[in-house]
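When reading the values below, keep in mind they use all heavy atoms of this one structure, side chains included, and skip hydrogens, waters and symmetry mates. Each ligand, and each atom within it, is numbered from 1 in the order the structure gives.
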Amino acid sequence: MAISVRAVGPADLPLVTRALAGGWGATLVAFGRGELVDAAALPGFLAFDGDEPAGLVTYVERDGGREVEVVTLDAWLPGRGVGRALLDAVRGEAVRRGADRLTLITTNDNTHALRFYQRYGFDLVALHRHGVDAARRLKPGIPAEADGIPIRHELELELPLSAG
Ligand SMILES: CC(C)(COP(=O)(O)OP(=O)(O)OC[C@H]1O[C@@H](n2cnc3c(N)ncnc32)[C@H](O)[C@@H]1OP(=O)(O)O)[C@@H](O)C(=O)NCCC(=O)NCCS
């Protein structure tokens with residue numbers, strides 16, 4: 001079945017809360033540099049495979065609307081185009097708002113996401129050494145390692161938006 005995407009609405013709060021708590025340990029997530037945000041309160045898009053929830057992206061507007069930052073992105077049905085469809089939705093929304101760039105931060109362990117984002121068109125613009133160590137002081141539940149790789153650093157990626 002084709003993947004469909006729609007904006008998160010107030011009635012989705014239980015699903016969004018459950019999903020964020022499952023994926024990230026809590027709806028409070030570390031993002032940007034040294035910030036914590038309740039991602040369940042952010043705007044976002046949900047993906048569905050038929051009636052089955054398939055993924056979630058949340059985002060914030062920054063820099064007076066010139067930047068849209070992806071805060072969380074999760075595909076619950078991997079390798080089916082869910083991640084791409086959700087990024088397409090945020091990118092469309094960012095262009096509609098007049099933003100000139102879409103940004104996000106991932107972590108040094110997340111080689112799969114780094115591959116996925118670069119294949120999508122994002123470019124690496126900064127390495128924040130020990131950015132995750134700093135975030136962990138705000139949110140001690142951030143795991144120490146993933147797949148045997150210590151989670152320490154933040155990688156900042158950017159996708160220029162031509163219509164901005
Ligand atoms: C990173 C993540 C969001 C990618 O989402 P995804 O839905 O698996 O990504 P897509 O399906 O859009 O793309 C992945 C691959 O599937 C392929 N694909 C897309 N649609 C497809 C389809 N209908 N059938 C088969 N393959 C398909 C894509 O071409 C891509 O292939 P490639 O790896 O050879 O480039 C997902 O792995 C995830 O949720 N990871 C855990 C959370 C996370 O790390 N989030 C990012 C934090 S910064």
Does [Y] offer a backbone N or O that forms a donor-acceptor pair with the side chain of [X] under 3.5 Å?
{"X": "Q118", "Y": "L114", "result": "yes"}
{"X": "D38", "Y": "A40", "result": "yes"}
{"X": "N110", "Y": "A113", "result": "yes"}

Element-labelled atoms of ligand 1 that are located less than 4.0 Å from some non-hydrogen atom of [X]:
{"X": "Y117", "result": "46 (C), 47 (C), 48 (S)"}
{"X": "V82", "result": "7 (O), 11 (O), 12 (O)"}
{"X": "T106", "result": "48 (S)"}
{"X": "W24", "result": "47 (C)"}

Inset, instruction - Would you mind telling me which of L157, L73, T111 makes a side-chain contact (heavy atoms from CB on, under 4.5 Å) with T106? - result: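 For T106, the side-chain contact (heavy atoms from CB on, under 4.5 Å) test succeeds with only one of L157, L73, T111, which is L157.
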
Legend entry - Qualifying residue for side-chain contact (heavy atoms from CB on, under 4.5 Å) with V68, from L159, L102, L161, T103: L102

Legend entry - Pair H153 + H128: ring centers closer than 6.0 Å: no

Legend entry - Nitrogen or oxygen of G79 less than 3.5 angstrom from that of ligand 1: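 It does: an N or O of G79 is found under 3.5 Å from an N or O of ligand 1.
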
Inset, instruction - Kindly confirm or rule out an N or O of A113 lying under 3.5 angstrom from an N or O of ligand 1. - result: no

Write out the residue and atom name of the closest protein heavy atom to [atom], then the distance separating them to 0.1 Å.
{"atom": "atom 35 (O) of ligand 1", "answer": "R119 NE, 2.4 Å"}
{"atom": "atom 42 (C) of ligand 1", "answer": "D74 OD1, 3.5 Å"}
{"atom": "atom 44 (O) of ligand 1", "answer": "N110 ND2, 2.7 Å"}
{"atom": "atom 9 (O) of ligand 1", "answer": "F116 CE1, 3.4 Å"}

Might you check, step by step, whether the distance between [atom] and some protein heavy atom is under 4.0 Å?
{"atom": "atom 29 (O) of ligand 1", "result": "no"}
{"atom": "atom 21 (C) of ligand 1", "result": "yes"}
{"atom": "atom 24 (N) of ligand 1", "result": "yes"}

Inset, instruction - Report the residue from E67, E156, E61 that forms a salt bridge (charged side-chain N to carboxylate O under 4.0 Å, His left out) with R101. - result: E67

Out of [options], who gets a non-hydrogen atom closest to [atom]?
{"atom": "atom 11 (O) of ligand 1", "options": "A85, P78, A146, G81", "result": "G81"}
{"atom": "atom 45 (N) of ligand 1", "options": "L73, L77, L155, I105", "result": "L73"}
{"atom": "atom 32 (P) of ligand 1", "options": "R115, H112, R84, E154", "result": "R115"}
{"atom": "atom 39 (O) of ligand 1", "options": "G83, G55, A75", "result": "A75"}

Inset, instruction - Assess W76 for proximity to ligand 1: is some non-hydrogen atom of it under 4.0 Å away? - result: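 Distance cut 4.0 Å: W76 fails for ligand 1.
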
Are the side chains of [X] and [Y] in touch, meaning some heavy atoms are under 4.5 Å apart?
{"X": "R91", "Y": "Y120", "result": "yes"}
{"X": "T72", "Y": "W24", "result": "yes"}
{"X": "L56", "Y": "V8", "result": "yes"}

Legend entry - Mutual orientation of the aromatic rings belonging to F45 and Y59 [parallel < 30°, tilted 30-60°, perpendicular > 60°]: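 It falls in the parallel class, under 30°.
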
